[in-house]
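What follows is a short report on a single structure.
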Amino acid sequence: MTFRLRMGAALLGLALAVSPMAKTVLANNLKIVKKGTAASLDVPMNRAVVVESDVPFAELSIANPGIADISSLSDRTIYVLGKSPGLTTLTLLDDSGRLITNVDVRVAADVTEFKERLRQILPGEKIEVRTANDGIVLSGTVSSSQRLQRALDLAERYAPERVSNLMTVGGVHQVMLKVRFAEMQRSVSKSLSSSWGFNGGTSTGLNGGTGSLNNQVSLSNALAGNIPVTNSNTGAVLFGFNVGSVQVGLLIEALEQKGVVRTLAEPNLTALSGQEAKFLAGGEYPVPVAQDNQTITVEFKPFGIELNFIPRVVDKDIINLELTAAVSAIDTSNGININGFQIDAFSRRETSTTVEMRDGESFAIAGLIEDEFLDNADQMPWLGDVPVLGALFRSASYQRSQTELVIIITAHLVTPTRGQALALPTDRVKPPSERDLFLFGQTAQTGQVSRGAASEVARQDFSGSYGYVMD
């Protein structure tokens, strides 16, 4: 479409040019084109750019007025308004109809405000913003996946469903998780019981109390000076004496048991940010399972030290962890027998949680304090209530069990190291020679890695983290 210069438009343009608003537009968006040279002009959508020609023109034309609209402010100045994304051509002609120049007008989305908001919200991030047709293209490197998502969310506000993401996440994105299971079990058990019996001549023997003499065989052995065969306690003392033709036996049984169990496991596992990692140190126990067709299949249940986690590096050194950890063992004391199949039970400590921490920080994600107390007293009616002497007719037991469990996790950002810097525990152990084996009884020789960084590692105890370098 061709727009011819009219005096009314010129006067209107002149009025706008001398206004304060027009002065601002000219100062900020003035473009100069020269005669005979091809030029290009970038115009933000819904915004205007003022173009000044170095020679007077008499006629203007725009190839696609749907992309950009034009109006003349003077015989040298043109007002170009971006309407929709695209590329079109602005043509300038002189009063004789000859071509002055062609200007390629490229209209794209306005990203000036978006760039400013991006710098305010994500300072220091190297994000490049470009326009493509009617959309926004983001490229560059950001420090974390969380900041990448923030940039995408902000871009969606300016170009909904027209955002192209070419950004990459830099930094360290491999996470090593150290988990420590620490469990202490303490138990104390005490018991004291007494029983007595006597035999007078040809009369039937009598016995009393709550201990092991309360059956005929035990009474006969006790009166003969023998401790009963069935004795559940660890200590027993038998007293016997005769008063004329009467035989008297007194059996005192005592038990005291103390025990401490310490369980410690430290599994370490490394995974890429956002990827799941699994760890199992133990085994699988076969369990028979009945099917609908009256057959039995075998299903294997894992036991041991289990660790599953998904790490996510959300912002520089901040790590989000979705974690499941468990320690289990076979418990034969609580098993069952079904149709001739002996199925053992499992003792299991398990936790599942999601936490967030910085590199090198630790969390106690689970804890258990269990205290069990049991008192039991058995006695003969009335006789057991007699002071002092009632102890001969009474049996008492005491049991107490305490359990403490703590699970602590520590997360580290790690980077791989070279294989020459690593050493295995087997690197320090060598098979013995025949002379060392048969003459000196040595089953292994402790050696050293001769050269390199692995030699230094081999001299250390394997109580730390190997295979990765702490960031």
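None of the values given here were measured: they were computed from a predicted structure.
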query: Which residues satisfy the salt bridge (Lys or Arg N to Asp or Glu O under 4.0 Å) test with E156, sequence neighbours excluded?
result: none
- prompt: Going through the distances and angles, do N102 and T91 end up as a side chain to side chain donor-acceptor pair (under 3.5 Å)?
  reply: CA-CA 5 Å; N102 284 327; T91 302; 3.0 Å; yes
- request: May I have all residue pairs that pass salt bridge (charged side-chain N to carboxylate O under 4.0 Å, His left out) and include part of residues 137-154, sequence neighbours excluded?
  value: E125-R147, R147-D315
- request: Examine distances only and state if a side-chain atom of R76 and a backbone atom of D54 form a donor-acceptor pair shorter than 3.5 Å.
  value: yes
- prompt: Can you name the residues that form a salt bridge (Lys or Arg N to Asp or Glu O under 4.0 Å) with E116, not counting sequence neighbours?
  reply: R119
Contacts under 3.5 angstrom, residues 157-164 side chains, donor-acceptor by atom type, not counting sequence neighbours:
from	atom 1	to	atom 2	distance (Å)
R162	NE	D134	O	2.6

message: Once side chain to side chain donor-acceptor pair (under 3.5 Å) is applied, do any residues pair with E370, and if so which ones, sequence neighbours excluded?
response: none
Partners meeting side chain to side chain donor-acceptor pair (under 3.5 Å) with Q275 (sequence neighbours left out): none
- prompt: Does F373 have any ring pair (Phe, Tyr, Trp, His ring centres under 6.0 Å) partners at least two apart in sequence or in another chain, and if so, which?
  reply: Y398
message: Counting neighbours of CD1 on I336 that are heavy atoms of other residues, nucleotides or ligands and sit closer than 6.0 Å, is the number greater than 12?
response: yes
message: Pair S362, T410 - check side chain to side chain donor-acceptor pair (under 3.5 Å), show working.
response: CA-CA 4 Å; S362 299; T410 305; 2.5 Å; yes
message: With a 4.0 Å cut-off on N to O distance, would you call R400 and D371 a salt bridge?
response: yes
Test salt bridge (Lys or Arg N to Asp or Glu O under 4.0 Å) applied to E128 - qualifying residues, sequence neighbours left out: R130
query: Which residue pairs satisfy the salt bridge (charged side-chain N to carboxylate O under 4.0 Å, His left out) criterion with at least one member in residues 78-104, sequence neighbours excluded?
result: D94-R98
- prompt: Going through the distances and angles, do I127 and L118 end up as a side chain to side chain contact (heavy atoms under 4.5 Å, CB included)?
  reply: CA-CA 9 Å; I127 301 177; L118 198 62; 3.8 Å; yes
field: Donor-acceptor contact present, side-chain S84 to main-chain G66, <3.5 Å
entry: yes
Contacts under 3.5 angstrom, residues 276-292 side chains, donor-acceptor by atom type, not counting sequence neighbours:
from	atom 1	to	atom 2	distance (Å)
Y285	OH	D344	N	3.3
Y285	OH	D344	OD2	3.1
Q291	NE2	T297	OG1	2.7

- prompt: Do E183 and Q185 have side-chain atoms, one donor and one acceptor, less than 3.5 Å apart?
  reply: yes
query: ring-ring contact (aromatic ring centres under 6.0 Å, His included): which pairs involve residues 82-112, sequence neighbours left out?
result: none
query: Taking it one step at a time, do V105 and V107 satisfy side chain to side chain contact (heavy atoms under 4.5 Å, CB included)?
result: CA-CA 6 Å; V105 179; V107 179; 4.2 Å; yes
task: Step by step, work out the side chain to side chain contact (heavy atoms under 4.5 Å, CB included) result for L321 and I409.
output: CA-CA 10 Å; L321 285 177; I409 63 170; 4.0 Å; yes
- request: For residues 309-328, pull every pair meeting ring-ring contact (aromatic ring centres under 6.0 Å, His included), keeping only residues two or more places apart or in separate chains.
  value: none
